[in-house]
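Every value quoted in this text rests on a predicted model; they were computed, and no experiment measured them.
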Amino acid sequence: MSSTDTLTPSQTSTNAQVLDATTHANIHDKLARALGIKTAQVNAFVKLYDEGATVPFIARYRKEKTQNLDDAQLRALEKSLNYERDIATRRLKIIELLSTQGNLTDELQTRIDNAISKLELEDIYLPYRPRRRSPAAKARAAGLDIAAQAVLMQDVTPTDALADYQVQSSITDENGNEIDVDFSDIDKQLAGVQAIIVDEWTQALDLLDHLRSSFAKTASIVSSVASEEKREVGEKFKDYFEHSESLARLPNHRLLAMLRGRQENVLGLKIEGEDTPFIEKIIKHFEIDAKAPTERQEFLTEAASSLWKDKWRPHIEHRLLTEKRLTAEAAAIDVFANNLQHLLMSAPAGRKVILGVDPGIRHGVKMAIVDAQGHVMLDGEDKPVIATVYPFAPDNKMTEAKAVIDELLSTYKVDLVAIGNGTASRETDAMIKEILAANETLKAKAVIVNESGASVYSASELATDELGNLDVSVRGAVSIARRLQDPLSELVKVDPKAIGVGQYQHDVNQTQLADSLDKVTQDSVNAVGVDVNTASPAILAHIAGLNKNVAQQIVTYRKEHGAFDSRESLKNVPRLGAKTFEQAAGFLRIHNGSNPLDATGVHPESYALVDSLLAQTGKALPEVIGNDGVLNSIDTTALAANDENVSVKAILDELAKPARDPRPEFKTANFRDDVNSIKDLSEGMILEGVVTNVTAFGCFIDVGVHQDGLVHISQMANDFVADPMNRVKPGDIVSVRIISIDEKRGRIGFSMKPEAEKSARPAAKPAPANVTSNHDKTSRPRSNRPAGDKRPSKPKRQPNSSDNSDSRSKAPRAEQAEAPSKMGTFGALLKEAGVSKSKK
């Protein structure tokens with residue numbers, strides 16, 4: 001969809017209202033075919049959706065109605081439904097406009113009906129769009145249309161066709177407004193006649209389709225440095241300073257890199273392609289070679305050239321680039337959404353006492369302890385348990401720092417130490433491990449935590465509300481501790497774009513990106529559920545049916561009246577009406593309340609059904625929950641038909657494993673103690689690391705050296721990898737082998753291939769420098785590496801150019817990896833990928 005295609009719920013509702021029943025039915029049938037589901041399932045979803053039901057609610061509590069469509073299918077259905085309604089509304093408007101103009105023909109109607117995108121619809125309407133100040137419109141207003149038709153239809157020279165033309169003293173448009181135009185001499189009159197002919201020819205849409213298709217197959221995109229002074233400041237784009245490749249085969253991430261370079265005025269972009277073959281096709285289509293006399297033929301040939309060069313080619317170039325950009329943006333948004341989902345759903349450490357550590361050098365190491373509920377611990381004087389130590393240069397107070405940390409760990413029986421992965425993280429990690437080794441009574445374990453976005457949270461209004469009694473510099477330590485304890489609850493407090501898992505996130509449509517990320521967050525939060533008596537407004541706002549205002553009302557009510565005793569008592573919260581309660585209640589948990597079902601995923605609307613099940617057992621609810629033996633003995637035959645929304649089996653499954661957390665088991669990577677910086681690395685070294693980001697061209701791995709390394713897609717496996725997301729996800733713990741190190745440029749190349757199998761393969765010969773096509777065909781299947789493919793590498797962080805707004809983020813992520821075309825000194829990686837080295 002284009003930037004105008006993102007709809008608000010009210011717009012979607014309005015579009016749905018203007019469409020007739022037949023159009024709705026056609027849309028539903030089309031969606032069913034496209035998504036491989038039944039039309040009845042689409043109809044059921046649409047009915048619930050238009051009534052205000054949310055996707056998480058439908059996925060969880062209306063399974064019977066949609067015949068078990070899951071949240072992923074429902075999200076795809078939601079997106080497609082809104083787009084199809086939008087395009088159908090625009091289709092009706094264009095038909096209305098053409099009909100009013102008297103230009104609607106059966107051919108146009110068929111074309112409009114068959115259009116599959118808004119771009120295609122606008123292309124169809126373009127020749128008929130009123131342009132009162134276009135050259136053709138001015139020429140028609142001046143009365144030159146008669147001469148133009150004569151040239152088109154009669155064997156006359158253009159000059160003879162103008163013989164009877166009388167120059168008008170005053171020219172006005174159809175509204176009577178005077179037009180400032182001069183057709184006083186023959187050259188200007190001829191130009192006006194030619195403009196009318198060209199404008200009329202633009203309505204040959206079949207020809208335009210053919211030319212567009214042919215041009216798309218042969219066109220190339222060419223990038224070049226905008227000016228010599230940009231070579232140094234735009235160094236991260238240097239691999240595109242002289243670059244050309246097929247537009248049709250251009251990978252998404254490289255297009256976005258080029259577009260960013262153009263946006264930053266470093267690169268110039270243009271589309272290169274032939275003109276002569278396409279002008280000849282226009283001449284043939286309009287049978288210009290058969291026209292007589294010669295002057296007329298030459299005049300119409302000039303018009304054909306003008307049609308191509310001045311009208312159609314610029315339009316085709318714009319459309320092709322726009323289509324490629326929209327596809328690339330959609331892919332980048334999907335990458336970001338998938339990465340964010342995996343990050344949000346990463347394993348929680350659980351209810352542990354955690355020392356959060358925000359490492360630093362000059363400003364010290366900030367620390368704070370949170371209890372098992374995520375609250376900052378208080379000491380005997382009711383003061384927050386926080387501390388700042390200065391173990392590193394220039395203070396070098398290592399002994400004092402160790403003593404303070406040892407006392408904190410001992411006094412408050414800390415289970416885990418969460419160390420942010422920013423500046424001095426490995427030094428801090430080594431220091432804490434020395435403390436733990438020296439004191440056998442300490443049972444804590446040190447864990448490196450991704451701190452991206454922590455500074456953004458620390459300075460936010462939400463952090464001020466939650467931690468107003470703490471200095472901003474200490475709030476980051478609290479956030480780091482909470483991230484280890486429950487990543488989901490903490491990360492929802494940070495703008496997803498500050499977390500550092502996106503790819504070209506600032507280059508895509510921001511409305512669509514925000515909408516996609518919001519839906520991912522909502523699905524993740526509702527999949528886990530939240531404890532309504534401890535949840536922050538930030539996470540409550542993502543519960544189905546709730547928004548920021550209602551979430552704040554819940555927290556305010558909780559503060560004023562104490563903990564909620566039941567889900568039913570939520571109805572007392574201002575602005576939380578019956579519909580909102582229906583959508584939200586099943587995802588809100590109340591532990592140790594008056595009704596044990598309130599701590600489960602059973603919706604209150606099914607409580608009566610549970611009572612019927614309990615009546616068969618003769619047991620109380622606490623005896624049944626989690627008791628597979630009792631639950632399996634229940635006869636559900638008579639009850640199965642009584643619940644149209646959620647099957648009895650689904651309810652029994654929930655009672656068997658109440659409020660089951662879908663997130664994986666908590667594990668941590670073991671970084672090598674002797675590897676703390678890029679200087680400690682050597683080729684061939686095998687390390688354990690954590691996947692921090694997954695992109696279209698590979699994945700980035702943190703091995704604890706303050707600089708993520710790249711596993712290029714060609715190094716992910718010995719077999720063909722079509723999509724890195726199918727192999728790894730953020731948070732995965734993997735083993736990698738170092739295949740290249742570029743300390744100067746801060747680049748590390750990893751391989752995930754087994755070493756024995758890797759060494760058995762013959763080394764691919766690198767292509768000569770500056771070669772942009774015909775890469776070594778032995779390196780990868782051709783289907784995954786277009787000719788001229790130049791893979792991205794991670795540039796140095798540029799001042800004020802990082803996509804990650806968290807200034808403390810330890811390393812540029814994929815959105816900073818501009819997808820430069822050549823991999824620098826990644827020798828072994830280059831051989832595998834067939835990418836040419838840059839000339840020095």
Side-chain angles (χ1 to χ4, degrees), residues 94 97-98 100-103 108 122-205 207-208 211 270-271 275-276 278-283 285-319:
I94 288 175
L97 291 169
L98 290 172
T100 301
Q101 296 168 4
N103 290 323
L108 274 176
E122 298 307 327
D123 262 10
I124 295 170
Y125 181 56
L126 184 62
Y128 305 95
R129 187 184 297 276
R131 295 182 297 276
R132 295 175 182 173
R133 293 296 182 264
S134 70
K138 292 177 181 178
R140 287 192 177 97
L144 289 168
D145 193 46
I146 296 174
Q149 296 305 316
V151 173
L152 281 173
M153 308 302 296
Q154 302 172 24
D155 292 342
V156 297
T157 67
T159 304
D160 290 344
L162 287 165
D164 297 329
Y165 176 70
Q166 298 293 321
V167 178
Q168 301 177 21
S169 58
S170 175
I171 300 174
T172 59
D173 61 19
E174 66 272 19
N175 295 325
N177 299 316
E178 187 168 343
I179 301 174
D180 182 17
V181 68
D182 180 14
F183 287 107
S184 58
D185 61 56
I186 187 65
D187 289 338
K188 293 175 180 177
Q189 293 166 17
L190 289 170
V193 169
Q194 195 170 86
I196 293 173
I197 292 172
V198 169
D199 188 64
E200 188 165 318
W201 281 351
T202 60
Q203 297 176 24
L205 297 179
L207 176 60
L208 175 59
L211 297 183
K270 62 179 180 179
I271 306 298
D275 288 324
T276 303
F278 301 98
I279 295 172
E280 289 175 350
K281 289 181 179 180
I282 294 173
I283 291 172
H285 179 85
F286 292 112
E287 300 178 343
I288 294 174
D289 283 344
K291 308 295 185 187
T294 303
E295 293 90 334
R296 177 192 178 207
Q297 183 185 111
E298 292 173 350
F299 184 79
L300 291 176
T301 298
E302 288 178 8
S305 179
S306 176
L307 172 62
W308 173 250
K309 292 181 178 179
D310 301 332
K311 290 279 189 180
W312 276 355
R313 175 164 173 167
H315 171 72
I316 288 172
E317 289 180 1
H318 175 74
R319 173 165 168 182

Please tell me if the side chains of [X] and [Y] come closer than 4.5 Å, counting only heavy atoms from C-beta onward.
X      : Y      : value
Arg296 : Val156 : no
Asp123 : His315 : yes
Thr159 : Glu295 : no
Ile197 : Leu307 : no
Pro130 : Gln101 : yes
Leu108 : Leu98  : yes
Lys291 : Thr301 : no
Asn103 : Gln203 : no

With sequence neighbours excluded, tell me which residues meet salt bridge (Lys or Arg N to Asp or Glu O under 4.0 Å) with [X].
X      : value
Asp180 : none
Asp160 : none
Asp275 : Arg313
Glu122 : Arg90, Arg129

Restricting to non-hydrogen atoms, name the atom on [X] and the atom on [Y] that form the minimum distance, rounded to 0.1 Å.
X      : Y      : answer
Ala204 : Trp312 : O-CH2, 3.8 Å
Ile279 : Ser305 : CD1-OG, 3.8 Å
Ser184 : Asp182 : OG-OD1, 2.8 Å
Thr157 : Pro293 : CG2-CG, 3.5 Å
Leu162 : Ala147 : CD2-CB, 3.6 Å
Ile271 : Glu317 : O-OE2, 3.6 Å

Atom CG of Asp145 and atom CD of Gln149: how far apart are they, to the nearest 0.5 Å?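 One gets 5.0 Å once the value is rounded to the nearest 0.5 Å.
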Drop me the distance from Lys138's NZ to Leu144's CG, to the nearest 0.5 angstrom.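 Here the interatomic distance stands at 13.0 Å.
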For the CD1 atom on Ile186, are there more than 12 heavy atoms of other groups (residues, nucleotides or ligands in this structure) within a distance under 6.0 Å? yes
Residues, nucleotides or ligands: over 12 heavy atoms within 6.0 Å of Asp164 CG: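 Not buried by this count: 12 neighbours or fewer within 6.0 Å.
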Set of residues satisfying ring-ring contact (aromatic ring centres under 6.0 Å, His included) with respect to Phe278, sequence neighbours excluded: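 ring-ring contact (aromatic ring centres under 6.0 Å, His included) list for Phe278, sorted by chain: Phe215, Trp308.
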ring-ring contact (aromatic ring centres under 6.0 Å, His included) involving Phe286 - partner list, sequence neighbours excluded: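 ring-ring contact (aromatic ring centres under 6.0 Å, His included) list for Phe286, sorted by chain: Trp201.
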Could you give me the CA-CA distance, side-chain angles and deciding distance for Val167 and Gln189, then say whether side-chain contact (heavy atoms from CB on, under 4.5 Å) is met? CA-CA 9 Å; Val167 178; Gln189 293 166 17; 3.7 Å; yes
Donor-acceptor contact present, side-chain Gln297 to main-chain Asp289, <3.5 Å: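 Yes.
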One pair to check against side-chain contact (heavy atoms from CB on, under 4.5 Å): Thr202 and Leu126. What are the steps and the verdict? CA-CA 9 Å; Thr202 60; Leu126 184 62; over 6 Å; no
Kindly determine whether Ile282 and Leu211 satisfy side-chain contact (heavy atoms from CB on, under 4.5 Å), including the steps that lead there. CA-CA 9 Å; Ile282 294 173; Leu211 297 183; 3.8 Å; yes
